[in-house]
J.: 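Starting off with a structure, shown below.
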Amino acid sequence: MNINALIRFLDRYLKWCKEWEKPEQALNQAFGGLTMFCELYPNEEQRAVDLWYEVYKPQFEKVVYGI
């Protein structure tokens, strides 16, 4: 698995976040996947964390919390 696989994973959960009745579940699962990725690929951790905070977290928060 590489960072591109993580991006596909997060994109899929962002899509589901917009579709699910309880979008916070998709947010929580996406974050869980991110943490698992970081455990499995510690050399990619900084790139993954930066991707989360700079790209995905704001998008998830907009859907879930409207911010």
Side-chain angles (χ1 to χ4, degrees):
M1 184 176 211
N2 58 32
I3 201 78
N4 291 327
L6 177 63
I7 289 169
R8 287 191 304 275
F9 173 85
L10 293 173
D11 284 341
R12 184 171 35 254
Y13 273 88
L14 184 58
K15 177 184 176 290
W16 290 344
C17 186
K18 296 172 184 175
E19 299 172 355
W20 289 2
E21 185 175 322
K22 294 182 179 181
E24 63 277 2
Q25 291 176 340
L27 165 62
N28 292 337
Q29 291 178 19
F31 186 75
L34 171 79
T35 59
M36 174 68 84
F37 180 89
C38 291
E39 287 294 319
L40 293 172
Y41 305 99
N43 292 339
E44 296 286 343
E45 181 175 3
Q46 190 58 57
R47 286 180 65 195
V49 168
D50 290 346
L51 183 67
W52 176 257
Y53 284 106
E54 293 172 11
V55 178
Y56 285 96
K57 185 175 185 253
Q59 292 181 68
F60 276 101
E61 287 178 336
K62 184 174 182 182
V63 175
V64 174
Y65 307 114
I67 56 172

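Everything numeric here is computed off the predicted structure, so don't read it as measured data.
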J.: Could you tell me which residues satisfy side-chain hydrogen bond (donor to acceptor under 3.5 Å, both in side chains) with Lys15, sequence neighbours excluded, listed by chain and number?
T.: Glu19

J.: Which atom pairs, donor and acceptor, lie under 3.5 Å between side-chain atoms of residues 24-38 and protein residues at least two apart or in another chain?
T.:
{"residue": "Asn28", "atom": "ND2", "partner": "Glu24", "partner atom": "O", "Å": "3.3"}
{"residue": "Gln29", "atom": "OE1", "partner": "Tyr13", "partner atom": "OH", "Å": "3.4"}
{"residue": "Thr35", "atom": "OG1", "partner": "Phe31", "partner atom": "O", "Å": "3.4"}
{"residue": "Thr35", "atom": "OG1", "partner": "Gly32", "partner atom": "O", "Å": "2.8"}

J.: Just jot down the side-chain hydrogen bond (donor to acceptor under 3.5 Å, both in side chains) partners of Asp50, sequence neighbours excluded, or say none.
T.: Gln46

J.: How close do Pro23 and Val63 get, heavy atom to heavy atom, and via which atoms?
T.: CB-CG1, 4.4 Å

J.: Excluding sequence neighbours, so at least two apart, what forms ring pair (Phe, Tyr, Trp, His ring centres under 6.0 Å) with Trp20?
T.: Trp16

J.: Hey, does the side chain of Asn2 reach the backbone of Ala5 with a donor-acceptor pair shorter than 3.5 angstrom?
T.: yes

J.: Out of curiosity, Arg47 CZ to Ile3 CD1, how far, rounded to the nearest 0.5 Å?
T.: 5.0 Å

J.: Hey, does Trp52 have a side-chain heavy atom less than 4.5 Å from the side chain of Leu10?
T.: yes

J.: Would you please name every residue forming a ring pair (Phe, Tyr, Trp, His ring centres under 6.0 Å) with Tyr56, sequence neighbours left out?
T.: none

J.: Applying side-chain hydrogen bond (donor to acceptor under 3.5 Å, both in side chains), name anything that partners Lys18, two or more places apart in sequence or on another chain.
T.: none

